[in-house]
Structure formats: C-alpha cells, structure tokens
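Throughout, a chain's letter reflects where its sequence line sits, starting with A, and its residues are numbered from 1. Fair warning: this is a prediction, and the values are worked out from it, not measured in the lab.
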Amino acid sequence: MADYTEMWRNLGLNLENHAGLLSVLTEGYKNIYLSQKSRPKGMEYFDFVISEVHGLRIKEISDAKQAGRKVVGTFCVYVPEEIVLAADGVCIGLCAGAEVGSGEAEKFIPRNTCALIKAFMGFKLAGLCPYVELTDLIVGETTCDGKKKAYEIFQNITGKVYVMEIPNMKNEESKRLWHSEIVKFKETMEAVARKTITLENLKKGASLVNGKRKALQRLSGLRAADPAPISGLDALLINQVSFYDDPVRFTQMTNRLCDELEERIKKGIGISSKGARRVLISGSPMAIPNWKLHSIIEGSGAVVVGEESCVGERNFRDLLDENFSTVEEGLKRMADRYLEIDCACFTPNDERLENIKSMTKKLHADGVIHYALQFCTPYMMEAYKVEKALGKTPFMRIETDYSMEDVGQLKTRVEAFLEMVK
Amino acid sequence: MRALGIDIGSRYIKGALVEKGEWIDFQRSETTFNPLEKCHEMLNGMPADRVIATGYGRHLLEVHGDIKTITEIKAFARGSRAFFPNCHTIIDIGGQDTKVIALNEKGNVWKFEMNDRCAAGTGKFLEIMAINLGYSLEEFGSKALAAHQEIQLSSMCTVFAESEVVSLTAKGVEREEIAMAIHRAIVCRVASKARRFPLEDEVVFAGGCAYNPCLKALLEQGLGRNIYVASVPEMTGALGAALFAEEEGN
C-alpha cells in the first residue's frame with residue numbers, strides 16, 4: 001500500500017489511533033479471510049479493495065471532490081442512492097462495524113446503545129473514519145429511536161446531518177409522507193450539488209444502482225448451489241463493499257466473479273464439500289468489518305448461504321422500475337420501491353416473515369440463525385414472530401455486539417445448533 | 001473397549017470412563033491456569049481406546065491432541081438420559097453459563113436456551129456471592145435454607161448485586177436471608193428460561209450446582225414439579241461424551 005499519511009493528516013484523522021485500527025483490520029482480515037480454502041479467484045479484487053479501504057478509495061473520492069462532486073454519507077438502505085448519483089454525487093455507507101471509540105461515544109450517548117450507533121459516533125469522535133471527513137452531507141433517517149436521537153447529537157458534532165423521515169406503517173398516508181420525503185431529499189441534493197436533476201440524470205442514476213442490485217441478486221442466486229461456490233464470509237464482504245466502492249467498477253467486478261462462480265457450479269467446485277450444513281442469517285445489519293458471526297459459523301464447518309439483512313438481501317431484493325418518463329414519475333416509483341423494504345422498524349411487517357421463508361427455501365438452508373445487535377429492539381422483538389413463522393425449520397436467536405468477549409459462548413451455541421441441524 | 005469423555009469446564013475438568021455402556025470410573029480436577037496439563041494427567045490416568053472432549057475448553061484438546069469434540073449441550077443430553085431414561089428437560093447452572101435443554105422423544109436435542117455473555121445467574125455468580133458472605137460453596141445452599149425471613153434482591157448483575165449485598169450486610173440483615181435471596185434470584189432467571197419449553201416427563205438438574213439443596217428446592221417450587229438429580233450430577237457431560245465415544249467405536 002502506498003503512503004497515505006499526508007492525506008490522512010489533511011483529513012484530520014488521529015494518525016496514531018488510525019494506524020492501530022488498520023493494523024488490527026489487516027491482521028483480522030488475514031486470519032478470517034485469507035486463511036479460507038478454495039476461494040474463487042475473483043475475490044482478489046475484493047481483497048485489494050479491503051487493503052485499500054482507507055487508502056486508494058479515499059484518494060479517489062478526494063479527487064472526485066476536487067473535481068466538484070459532492071460526497072454523501074449514509075447509514076441506511078432507505079436513502080435513495082439514485083438521487084445522489086443523479087446529482088453527480090458520490091454515495092458512501094459510513095463506517096459503523098467495529099468497536100472503536102466507544103469511550104468517546106459514551107460521553108454523548110448511553111452505554112446501553114446498540115453497537116452500530118456507538119460505532120458511527122466512535123469512528124468520528126476518535127478521528128478514525130476518513131469517509132465521514134470527506135462528506136458534504138450525512139443523511140440520517142428515523143428508522144429507530146437510538147439512531148434518531150444519535151443524529152441530533154451527530155449534527156452538533158459534524159454540522160452536516162440531514163434526516164429523512166421514514167414512516168412506521170405502510171398505509172396511504174405513510175406513502176404520501178415518504179413520497180414527499182423523497183422529493184425533499186431530491187431538492188436538498190440539488191441545492192448541495194448546485195445541479196438540477198434532469199430526467200436523463202435520474203435515469204442514469206437509476207440504471208447504475210439497478211445494475212449493482214442485479215449483480216448482487218445474481219450472486220445471491222448462485223449461493224443456492226450445493227456445494228456453495230462461495231463462502232458466506234466472502235459474500236458478506238462483497239455486500240459490505242457494495243456500500244462504498246465505485247458503483248460501475250463494483251458491478252463489473254461482481255459480475256465477473258459471478259461468471260467464475262457459474263463455472264465452479266458447473267464443475268461441482270465449492271468452498272466446502274457437498275452436503276455441508278447451510279445456514280441463513282436473518283436480522284440486524286452487519287456493517288464492515290463485522291464478520292464475527294459468519295466466521296464462527298463457517299469456522300464450525302457450516303456455510304452461510306444468505307443474509308436476510310440490510311447488508312444483504314434487503315438492500316438489493318427490489319429493483320427500481322426504470323420505465324418512467326418524467327422526474328416526478330421517477331421519484332414516485334422510487335418512493336414505492338423503497339417502501340417495499342421490510343425493515344423491522346415497520347408495523348406490521350409480515351412481508352419480512354414471508355421473505356425469510358422464501359429465502360430459506362430458495363437457498364436450501366437447513367436452519368436459520370436470527371442475529372440481533374444487542375439493544376436493537378425492533379429486530380430483537382421480531383425474532384419471536386420469525387421463529388413462529390419458520391415452524392419446523394431449526395431456528396436459533398443470537399444477541400450480541402462487536403466485542404469478542406462472548407465468542408466462546410457463541411461458538412458453543414452455534415456448534416450445538418449445527419449438531420441439532422445435522 | 002474403554003471410552004473416555006472429558007468435560008473441560010471453566011472451573012473443573014471432569015472425566016468419565018465407560019465400558020459396555022456402563023461407567024466404571026469418574027475423576028475430577030480443578031481447571032487451573034493450565035487446563036491442557038490437567039487434561040493430559042487425566043488422559044494418562046484413565047487410559048481409553050477412544051476419547052471425546054466437551055465443555056468450554058474442548059477445542060484445546062482438538063487442537064493439541066487431535067481429539068474429537070462435541071458441545072456440552074449434546075453431551076448433557078446424552079448423559080442425562082443415561083442417568084434418567086425419561087428425562088425430557090435438562091437444567092444446568094455452569095461456571096460461566098446457564099443452559100436449559102429440551103429433548104425430543106429420541107433423546108436428541110430439540111431446542112436449547114443459554115445465557116448471553118453476562119455472568120448473572122451462573123455458578124460463578126453463586127461463587128462470588130458465597131465468598132462475599134463468608135460461606136464455602138458447599139455450605140452455601142444449606143445455610144440459605146435456614147433463612148427465616150424472605151427478602152428480595154433487586155439486581156441480578158454480578159457487579160450491582162455485589163454492592164447490594166454489601167449494603168444489606170451494613171443494614172444488619174441476617175446473612176442467611178441474603179443467601180436465600182441470592183439463590184432465589186438465580187432460580188427465578190433459570191426457571192423463566194425453562195418455562196419457554198413445554199415441561200414434560202422428568203426435569204433433570206445436572207452439573208455441579210445440582211449439589212446445592214437450596215437451588216433444587218427452589219427450582220421444584222418455581223417449576224411446580226419434582227426435579228431429578230443424579231448421584232454425580234457434575235459428571236453428566238463427561239458421561240455423555242464417553243457414551244458417544246463408545247458408540248462411535250462400535
């Protein structure tokens with residue numbers, strides 16, 4: 001990796017802490033990812049992306065910024081990336097997947113806050129996230145109480161936060177509210193970028209994002225094969241990378257990997273032997289570099305075949321209908337598309353139960369592990385309904401966070417679950 | 001053929017030797033800071049044709065001794081059925097985790113509940129509280145049963161409960177009563193886990209904490225049924241592992 005020290009200093013990062021973070025990340029990646037056997041060759045690109053996560057990609061975004069493009073940071077799959085791209089912006093999912101700066105974060109928010117919220121505060125406060133420093137706008141959303149209130153504080157700290165109101169229900173009034181939120185966001189984006197979003201731009205943005213979704217859908221479909229052509233760890237990584245990589249390149253590289261996976265399936269090559277136990281993960285998002293549960297499961301000899309999660313299926317399940325002929329019509333389609341997402345912050349949310357059942361079937365999962373971040377009340381609560389809906393399918397719920405102190409217990413629970421599934 | 005099961009817990013290492021489906025020897029030693037050495041002592045002391053390791057430290061033997069492992073959940077299921085053929089539900093209060101295991105008709109694990117990271121309601125909690133009150137772990141339960149009055153402990157967190165115990169002692173509350181409240185708090189937590197399953201047939205209390213008469217009595221009260229305890233409840237996991245090892249050898 002080139003020397004980026006100057007760039008990091010200019011961004012105001014805490015260089016000492018940042019060096020520590022990168023060395024932990026590099027070491028963790030080596031142990032968890034590079035030690036996997038029989039990986040597809042196409043993963044080399046993603047290995048490279050990770051090795052340059054705070055390097056080359058930051059350089060690219062800085063250059064884009066120099067050229068006048070605006071950088072938008074997000075934390076949620078409800079924020080319409082199409083609009084950001086239509087205004088020629090760069091859309092980045094911000095760092096929120098590691099236990100860093102929690103001491104700093106706890107000066108502002110309670111200890112009993114979910115790890116994801118604590119992490120995005122911590123990354124900023126400890127001076128560890130170059131992405132957040134590059135942003136012109138940070139888009140929050142009212143998906144849960146913790147995030148809502150944290151964004152108020154985050155606004156005091158950064159002065160760049162804009163919050164979209166996500167309704168809690170999916171009735172006609174909610175649809176109108178959400179549609180107006182999309183229109184408002186488009187206007188905000190135009191003001192920030194000092195550009196008018198034209199039909200042509202919006203169509204271009206829509207096609208880019210749909211292209212990314214289609215590549216991820218393709219990847220998801222290929223994981224149904226037995227033996228699985230790619231590990232759950234690698235597929236999770238690709239989903240995580242989709243939030244911050246250049247969308248055109250990402251789509252191209254993911255499709256190229258999928259070509260290889262198709263070849264592997266034809267030849268019967270997998271990352272484990274045929275008949276290995278297959279697990280579907282369902283629940284809270286796993287932001288990069290949260291690889292904890294996948295590495296425990298796959299370290300115990302099973303394979304993760306899907307993520308019913310925002311970093312996963314929920315992000316790419318629905319395409320945007322690109323068949324619109326005015327900007328207004330496009331925004332309307334967008335409002336409809338985004339409100340299809342089955343986040344646990346909605347009530348009722350029975351679509352999610354149906355989606356989990358259909359994924360279990362489609363991916364030939366032998367069991368479902370429900371993953372909730374501790375204090376992520378919407379998902380913790382919904383676990384009950386998920387278990388009921390799954391009937392006889394083996395099911396286990398796990399509540400955890402980013403720390404490593406419970407890895408021993410988790411390993412025992414996961415292994416015992418796999419013994420049951422066998 | 002002789003088969004050995006080794007259960008490497010956070011407090012004790014237990015070994016069970018079986019032959020033709022019957023146990024012939026049990027051993028127990030403290031885990032200490034060097035569990036691997038303790039395991040090797042046990043392996044040498046109870047020579048066997050086949051070995052399976054279980055418990056929190058099972059992977060230690062997998063890595064260093066190329067020994068097969070199963071989880072304590074599976075081992076407890078098998079061991080409990082060996083002690084009590086009609087066993088349907090198993091409660092284990094271990095050193096650092098508490099489990100409730102429900103079995104199906106065949107005796108296989110159907111579902112299980114286990115505590116998360118925290119030490120509340122575990123054997124470790126009991127141990128810390130016994131030390132705070134100046135009791136040995138062995139006498140803790142019987143002393144608690146001698147309490148005359150009932151008081152409530154408001155916190156189950158090891159850290160907070162510790163300060164609560166200090167303040168109760170400072171108020172002059174009898175230590176038997178505090179001991180009883182601690183037992184009650186643990187059982188309340190375990191029983192609520194157990195009630196998530198349909199309780200049928202025999203409910204077995206396994207693991208070393210089953211020696212504690214107060215925990216047993218309170219569990220019976222809390223679940224409204226008889227609780228069965230084996231003569232050597234702490235050997236349940238080791239026995240289960242040994243039986244699996246023997247079965248694989250046949």
Side-chain angles (χ1 to χ4, degrees), chain A residues 31 35 99 111-112 114-115 277 283-284 292-293 295-297 299-302 366-376 379-380 383-384 386-388 390-422, chain B residues 7-10 31 35 52-60 62-63 68-78 90 92 94-104 106-122 124 157-160 193 196-197 237 240-241 244:
Chain A
N31 293 338
S35 64
E99 191 182 32
R111 222 179 117 68
N112 293 353
C114 98
R277 281 151 299 170
S284 303
K292 184 174 167 180
L293 186 56
S295 74
I296 291 173
I297 295 171
S300 308
D366 299 309
V368 176
I369 296 184
H370 195 278
Y371 169 82
L373 283 170
Q374 212 171 14
F375 313 116
C376 177
Y379 282 101
M380 280 164 61
Y384 169 81
V386 175
E387 178 168 16
K388 285 271 167 291
L390 281 169
K392 283 196 159 54
T393 308
F395 176 90
M396 177 170 72
R397 69 175 89 186
I398 277 177
E399 275 163 33
T400 184
D401 59 15
Y402 299 161
S403 72
M404 290 296 143
E405 64 191 34
D406 61 344
V407 166
Q409 270 110 325
L410 285 182
K411 206 163 163 43
T412 299
R413 293 176 67 184
V414 165
E415 284 182 21
F417 179 69
L418 295 172
E419 283 169 351
M420 262 166 63
V421 167
K422 197 156 32 176
Chain B
D7 179 359
I8 307 157
S10 61
T31 303
I52 283 185
T54 187
Y56 195 67
R58 63 191 177 281
H59 294 293
L60 204 60
E62 190 175 22
V63 176
K68 212 188 144 209
T69 63
I70 57 172
T71 66
E72 52 267 42
I73 315 262
K74 188 172 174 177
F76 266 70
R78 184 62 183 268
I90 302 150
D92 167 41
Q96 56 178 1
D97 45 50
T98 299
K99 318 178 238 314
V100 179
I101 307 164
L103 308 180
N104 62 18
K106 289 182 196 150
N108 294 325
V109 179
W110 170 59
K111 285 207 177 238
F112 64 93
E113 289 276 343
M114 196 170 146
N115 67 309
D116 299 313
R117 65 198 42 218
C118 93
T122 66
K124 191 74 199 165
C157 168
T158 312
V159 180
F160 290 121
K193 273 200 181 76
R196 290 188 191 168
F197 301 125
F244 273 116

I need the minimum non-hydrogen distance between Phe112(B) and Met396(A), along with the two atoms involved.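 So the two residues come closest at CZ-SD, 3.6 Å.
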Heavy-atom pair of closest approach, residues Thr71(B) and Ala416(A):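 Smallest heavy-atom distance, with atoms named: CG2-N, 3.4 Å.
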Let's test your reading of the structure: which of His59(B), Glu72(B), Lys111(B) forms the most heavy-atom pairs below 4.5 Å with chain A?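 Top option by heavy-atom pairs under 4.5 Å: His59(B).
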Options Arg58(B), Glu113(B), Lys74(B), ranked by heavy-atom pairs under 4.5 Å with chain A, top entry: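 Of the candidates given, the most pairs with chain A belong to Arg58(B).
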Could you tell me if the side chain of Val109(B) sits less than 4.5 Å from the side chain of Glu419(A), heavy atoms only?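 A side-chain contact under 4.5 Å is absent here.
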Considering residues at least two apart in sequence or located in another chain, which fulfil the side-chain contact (heavy atoms from CB on, under 4.5 Å) criterion with Lys388(A)?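 Partners of Lys388(A) by the side-chain contact (heavy atoms from CB on, under 4.5 Å) criterion, ordered by chain and then number, come out as Tyr384(A).
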Taking only residues two or more places apart in sequence or in another chain, which ones pass salt bridge (charged side-chain N to carboxylate O under 4.0 Å, His left out) with Arg397(A)?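 If we apply the salt bridge (charged side-chain N to carboxylate O under 4.0 Å, His left out) test to Arg397(A), skipping adjacent residues, the hits are Glu387(A).
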Report which part of Glu415(A) has an atom under 4.5 Å of a heavy atom belonging to chain B: side chain, backbone, both, or neither.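 It is both, since atoms from each part get that close.
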Chain A contact via Ile70(B) - side chain, backbone, both or neither, heavy atoms under 4.5 Å: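 Looking at Ile70(B), backbone and side chain both touch chain A.
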With rounding to the nearest 0.5 angstrom, report the CD to OH distance, Gln409(A) to Tyr56(B).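 So the CD of Gln409(A) and the OH of Tyr56(B) are separated by 5.0 Å.
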